[in-house]
Amino acid sequence: MTNIPLIPVLLLGAVLFCLGLLAVITKRHAIVVLMGIELIFNAANLNLVAFNRLQPDLMQGQIFSVFVMVIAAAESAVALAIILKVYQYFKTVNLDQIGSGTDT
Amino acid sequence: MNPVLLLFYVFGLMAVGAAAFMVATKNVLYAAFGLLITLLSLAAIFILLFADFVAVAQLMIYVGGVVVLILFGVMLSNQVQGKAVQSESVNRWSGSLVVLTLFGGLAYLILSANYLVPAAPLASAGDLPETKTSIITIGIRLITNFALPFEVASLILLIALMGAAYISTEEKHD
Amino acid sequence: MLALLLCLVFLLLIVIITTYAERKVAAFIQDRLGPTESGPHGILQSVADVLKLLQKEDIIPAAADKPLFTLAPIIMFAAVRAGFGVIPITPSVIASGAYLGVFYLLAIISLDVIGLLMAGWGSNNKYAVLGAMRSVGQIVSYEIPAGLAVLCVVMISQSLDLQEISFQQGILMNQFSGLEKEANYLFGLKALNLDVTFIGGITTWNIFRMPFLFIAFIIYFISSLAECNRAPFDIPEAESELVAGFHVEYSGFRFAAMFLAEYSMMVLVSLVAVVLFLGSWNTPFPNIGPATLATWTTGTPGTWTGHLWGVVWLLSKTVILIYTQIWIRWTFPRLRVDQLMHLCWKVFTPIMLVLVLLTGLWRLWMI
Amino acid sequence: MNLNAAFTSTAEQNSLALWALVVLLLPLVAGVLLLVTGRKLPRQGDWLSIGATGLSFLLALYLFFQVWEMPVVHVVQNWFGLAGAGSNTFAFTIGIYLDNLAVLMLVIVTFISLLVQVFSVIYMHGEWRYHQYFGYLGIFTFSMLGIILADNLLLLFVFWELVGFSSYLLIGFWYEKDSAGRAGKKAFLFNRVGDIGFLLGIFLFYTYFQTFDLVILKNAVAGGINQGAAFLFPASVAGNSSVTLSYSLLTLAGLGIFCGCVGKSAQFPLQVWLPDAMEGPTPVSSLIHAATMVAAGVYLLARCFPFFTEDALLVISIIGALTALLGALAATAQYDIKKILAFSTISQLGYMVMGMGVGAHDASLLHLVTHAFFKASLFLNAGIIIHAMHHAAHELADEHSDVQDIRNMGGFRKILPLTFYAYIPAAAALVGLPLFSGFLSKDAILTGAWAWAGFKSLNGNYLYYLVPLFAFGSVLLTGFYMARHCFYIFFGHSKLYQAPTLLRASKTTETSGWLLVPVAVLAILSLAFFFSFNPFSYAGSWVMQGLSWQKLLFGQPGLSADLLPAITAYLHEAAYISLATAVLSVLLAVGGLWLGWLNYKSARRGGILTTAAPASSFGRLAYHHFYLDAFYEKVIINPFMRLTGRVAAFDNYFIDYSLNTFAKIMVVLAKLISWGDRWLVDGTIHLVVKVAGFVGKLGRFMQNGKVQTYYIFSVLGLILLVLYILAF
Amino acid sequence: MKEYISNRYNNNFFSVVGALLKGMQLTLQHFFRAGKRREPTYVSDANYFKQPEGLVTLTYPYEALPVPEVGRYRLHNEIDDCIVCDLCAKICPVNCIEIESIKATEDIGITSDGTKKRLHAAVFNIDLAKCCYCGLCTTVCPTDCLTMTKVYDFPETDVKNMIYHFTNLSPEEARQKQQQYDKQQAEIAETKAAALRARQEASNDKGEK
């Protein structure tokens, strides 16, 4: 049935993970950082689904990817709420300005 | 080259391209739509990996929920001033360096690791369980083997819901 | 391929007819004539409208975010159209027999929201942004009661496949692979011991298999009004407050696309309501003794009689629902935002939660 | 006392005690609830208080029928223990004591409290602290019931103080009015003076008998052997060892306890607080300052009767007689409707105390019971009249006239006929006319006093006859002031408000039923039939038989051992005394009434002056209550204030001055030390800090507070770690 | 959601649902009466007030409400009766009437009510695009030649066509009449000049003498 080999999938996951990490590291906008984190989650999901073939009967990989999604959803909801709160307080979501928010 | 693999590469390239666009663009909204495309491509890849439930869940949770939330967040946290929402980058060189190094390490690991699963799965279809869809298995597993994580996840969701609602409530000073 | 054709052309035709019906019904309810000029009784009015819109200039405001602005209608249209893919038209015609049909439908419809947000933000117009925000808030909220209502049906049917759900609601049940041994009992209660598998008709519809689903159906229907931004929930498009909401800046072809997306959404939610609650393509007439009304009005699946009867029943029920939507639009005034949210979160969601519980119990009694 | 002493009591007794506890706690619960949540309850919760008291009353009735003329219920529990010297522990007990007297008092207190609360519904209507008022009443009722039920002196004292406290709250209820606040304070402080004596008395008894328990004390006292100048209490009754106490010490201890009574029951010389306490709402006056609280002193005397030596009783009787006379005299000169009644109360309390003193224990208690009813009725009656006057004054926007002045009243017989008919039996009872309850009890006391004097003067000292003389004089005066009270209010016509509609609630009803019913009930209960089947003879009174000392004290009169039997014997011999007393008292009362009528007539003829104090010097003296207040002011309060002034000056000019000087010296010293601290100690520290700061700056390069930089470093660290693992 | 405005439908769930259903019933009734239509009758028609239900729209160009005979819409001038007095042009509040007159050289007859006509109407234009249908011109008209007709539907594709010409003279005739008049005036002037000259000469003669 499936003809997709494991390596390309894992490499794709690695690329996505690195891009997500890059976004997390380099971006100054808090929401873009959040997007980077979502990307990292997705890379992890990809790996989980790919490794699902280890024990296809148990579906551990897929189930855990669903759990990861649930956590991601919860995390993003809370993170966005925090970002909005930060925005209300600092009038900016620029991470650098938040860090030294009081004196800028 | 079989069509499934071709599709995988196409969607993989789309995902990588959109993710790269997300990192590269300065416009936050474009970044969000880049993320959207990545997520959709990944959903497609999930289907190719026989994870249809995960794919639809991906659509439902990420596309219907997270991206909408992010878009909402962008809109609510920026004054509309006639120009697109910009996001500058910092640590560009050092960040890229670190990420490249990491990717090198990961790629090395992936390529050199010895997998317990066959790199290419069993070619004969007969060996695979005759399930049309993964959802029945997932459903059964969720309420048997994974009942506790399932309940915990629901609890986390509830707590996150309440927390988010509480955090974003404006305090009333009177 | 036939199914795809049906989906793209036939259902598009329904959408166009719906826009015509909207005008006519509105006119009749208001003691007016409605369109009369294009064609006899103005039946070509919608076609004329579409042609007019296609010819119009495609205006993109200078301050708009061009990529978002141009992509938004396409995404909306595509998302809604994609939803039609899993709707069974007749016992043997379905564009995509996805096993996750219902789930997929809910997921793909949520793409619509992205398109709305893109349109609202891309227009760079405060009315548009406000409309989009309201619309998204409303749709996301009402997805919960609607989703719970769908969940009730899924719990009763034990399937996410819309075709399987359709088969369960009629005399053809045992012809579906996997349902050969199933039997329908009156009100779904095995304890009553009244086998209605071959009586069919309305007795096997989901609202009859589990009578409380009627409440779920009502709530699903009202929620679907809100999801289509239809009156009395048309707050995002409130002409008097927001001019036209998120599509205030659109014109020409893009407006046509959004317009058609909205009407397609109407048709889609009505179709889903019919499939899930009102027996899908099944006949409403039961077999009564020798008068096998159900068998007569079902035809043989796979042959042209089967196709014909399926399409007739599905569309007639859908048309009634669409008519009700239009009828409601021209009867009730618009709600306030707080009333809308009150209705969703404090009325529908609790009711639906109770119903889900009840449905679970019912399912236990069914087996 | 032995901690392990078995407090045996039967199950029936336990259940009765439990019901008594419920009776006790119901008003408290209602009161606290009202104080906490009253404002939010419908009708501000008056129904709650009334309901609780009503329930309490019904239970009290039940208890009455269970206990009256039945074996005494006495349930004791350990309360707490105190470690004494060695392994000794002093156990304190807590208990409920139900005998004839207690259950009768329970019924009376709950009943009058209930009626007064019903009355207050209208009387206090519209008051903005309405719920607090009822809450206070509940707490008062609770405290009063506590006094009644307490089986030991310590507990009794606790409730005694609680009664004082709630009385303070209620007198000062209208604290917005300066005079009310002051009256509350005054009542409180005067009570404290008495309580000090009471406390000392309790301590004296505790010191020698090691117990507060009244029953044990009574037994101990009864077991005392009179040795002339001293009493010997054998070990069997007085605890661990036998005790010999001198007669004078015991007299002093008894007088100490009597001090409490003097304070609470407004006896000479502490009676001055009671007239001022009329600043409280009238129903409160009715409940507290006529029927229940002031009677607590008499109740205490009855409970502690065995502890009084003959000399102590003599003092008590003299004080009582003096109070009765002074109160009556003062009442004759008053014009305030409530003050007359207040002085009358003092006078009647004097009767009771005198009755105790002369050994007419049961007569005194009978008077306590009858007085509770008719005086409460009179006060509530006065409340109705004041209410009506207020109503009229409010209608006419009259703020200058004193609505409580009887000279401003008149003709209410026509205007408020029902009130008048309710007034008559109560007033007649107070005066002591036959057929009314007052006649019975007063007659009994007078007879007792005469008999006592006769018995005492057997040795030739006829001064003892002064006591009954005072008492008979008071009877005349009672008739006089009550006649005055009655005629001024109900006869003639009002000078201020002629129009009846002003004073009546409406044309058809003179006033609300909520006000009238309690008054009427109490007035009916002023008839003699309820207390004795033969309304002319107290001897057959069931109350008196139930309350006789033989029954209450089990025939053990205590320290005054042979006095009571002796008087009884004497009375038996000189049987003419009873009849003579009855005839004489009635004659005197009628005479008093006639004098009162004459006084009223002359006042009417001369035109009633509404402002001035009485003209005659005696009248002035009586009007100002013999200048007792002024006397206290001059002799006690002013010197005390001067002394405190001096002490304050000493504090200001000497102690503060030396402190300030010392402080200044310290400041100078501190400045010196601070210089050293700043330049020597801090300098060193600053140097260290600078060096540390320099080093820190070097390290800060890596920690710029930006989370993303940390990410880079941490990921870099991870990579290095992996490399290290891979490399080695 | 602090408080609802109190009305009888807010009292409970079922009254609210009842109210909603009642509304829907009402609109449905109207929908099903769509088969009936109002007829284009005039208000004086006995049937006019007896059509409370059905569609009210008239497909106008094909159907129209009848206009009363006395309808006052488009202006019409009976030029034969017009004496070109210019009163109507003067009173017109929007200046929609344009008149140019030429004095007649000969007797041109009388109007139908007997007034003598003295002027030719070289131009008599009414711009009905400007007209406000106030009817003042018809009231001042001395010969009642200017009237309002019941024609009310006269749309044109060119706004110039909204100017109605009522003169019975063609431009050539007008020019001719003008020339005749000018000629007549010239002759009269000539005659007058000759007479004047003769009188001057006579007086000169007298003076010379």
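Letters go in sequence order (proteins before strands), and every chain restarts at 1.
Of the residues considered (B:S154, B:P149, B:A153), B:P149 shows the highest number of contacts with chain A, using heavy-atom pairs under 4.5 Å. Contact count versus chain B (heavy atoms, under 4.5 Å) is highest, among A:L11, A:I63, A:I71, for A:I63. Per-residue counts of heavy-atom pairs under 4.5 Å with chain A were compared for B:L106, B:T38, B:I110, B:V98; the largest is that of B:I110. Between chain A and the options B:A19, B:A15, B:G34, B:G65, heavy-atom pairs under 4.5 Å are most frequent for B:A19. Of all the listed residues (B:L142, B:L161, B:I138, B:I156), the one sharing the greatest number of non-hydrogen pairs under 4.5 Å with chain A is B:I138. Chosen from B:A165, B:A160, B:G163, the residue pairing most often with chain A at heavy-atom distances under 4.5 Å is B:A160.
Counting all heavy atoms, side chain and backbone alike, B:G73 lies closest to A:L84 at O-CD2, 4.1 Å. For the residue pair A:S76 and B:L69, the shortest heavy atom distance occurs at OG-CD1, 4.1 Å. Pairing each heavy atom of B:M22 with each of A:A23, the nearest pair is CE-CB, 3.9 Å. For the residue pair A:A73 and B:I61, the shortest heavy atom distance occurs at CB-CG2, 3.8 Å. Nearest heavy atoms, A:F17 versus B:L102: CE2-CD2, 3.7 Å. Of all heavy-atom pairs between A:K27 and B:V23, the closest is NZ-O, 2.7 Å.
With a 4.5 Å cut-off on non-hydrogen atoms, B:L7 does not touch chain A at all. Looking at B:F146, the atoms closer than 4.5 Å to chain A (heavy atoms on both sides) sit in the backbone and in the side chain alike. Using a 4.5 Å cut-off between heavy atoms, B:A24 touches chain A through its backbone atoms (N, CA, C, O) alone. Only the side chain of A:V66 comes within contact range of chain B, judged by heavy atoms closer than 4.5 Å. Using a 4.5 Å cut-off between heavy atoms, B:I45 contacts chain A through its side chain alone, with no backbone atom that close. Interface remark: A:L16 contributes side-chain atoms only to the contact with chain B (heavy atom separation under 4.5 Å). In this structure, chain B has no heavy atom under 4.5 Å from any part of A:V24.
With rounding to the nearest 0.5 Å, the separation of CZ in B:F21 from CG in A:L19 is 13.5 Å. For the atom pair A:L12 CG and B:F8 CZ, the distance stands at 5.0 Å (nearest 0.5 Å). Rounded to the nearest 0.5 Å, atoms CG (A:L48) and CG (B:L49) are 12.0 Å apart. Taking CG of A:L46 as the start and CG of B:L42 as the end, the distance is 6.0 Å to the nearest 0.5 Å. Distance CG/B:L35 to CD1/A:I31: 12.0 Å, rounded to 0.5 Å.
Between B:F103 and A:L21 the shortest side-chain heavy-atom distance does not fall below 4.5 Å. Counting heavy atoms from C-beta outward, B:V66 and A:M69 have side chains that stay 4.5 Å or more apart.
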What's the verdict on side-chain contact (heavy atoms from CB on, under 4.5 Å) for B:V67 and A:E38, showing C-alpha distance, side-chain angles and the deciding distance? CA-CA 10 Å; B:V67 171; A:E38 298 300 337; over 6 Å; no
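Using cut-offs of 30° and 60° on the angle between ring planes, the pair A:F67 and B:F150 is tilted.
Side-chain contact check for B:N145 and A:Q60: no donor-acceptor pair (N or O, by modelled atom type) lies under 3.5 Å.
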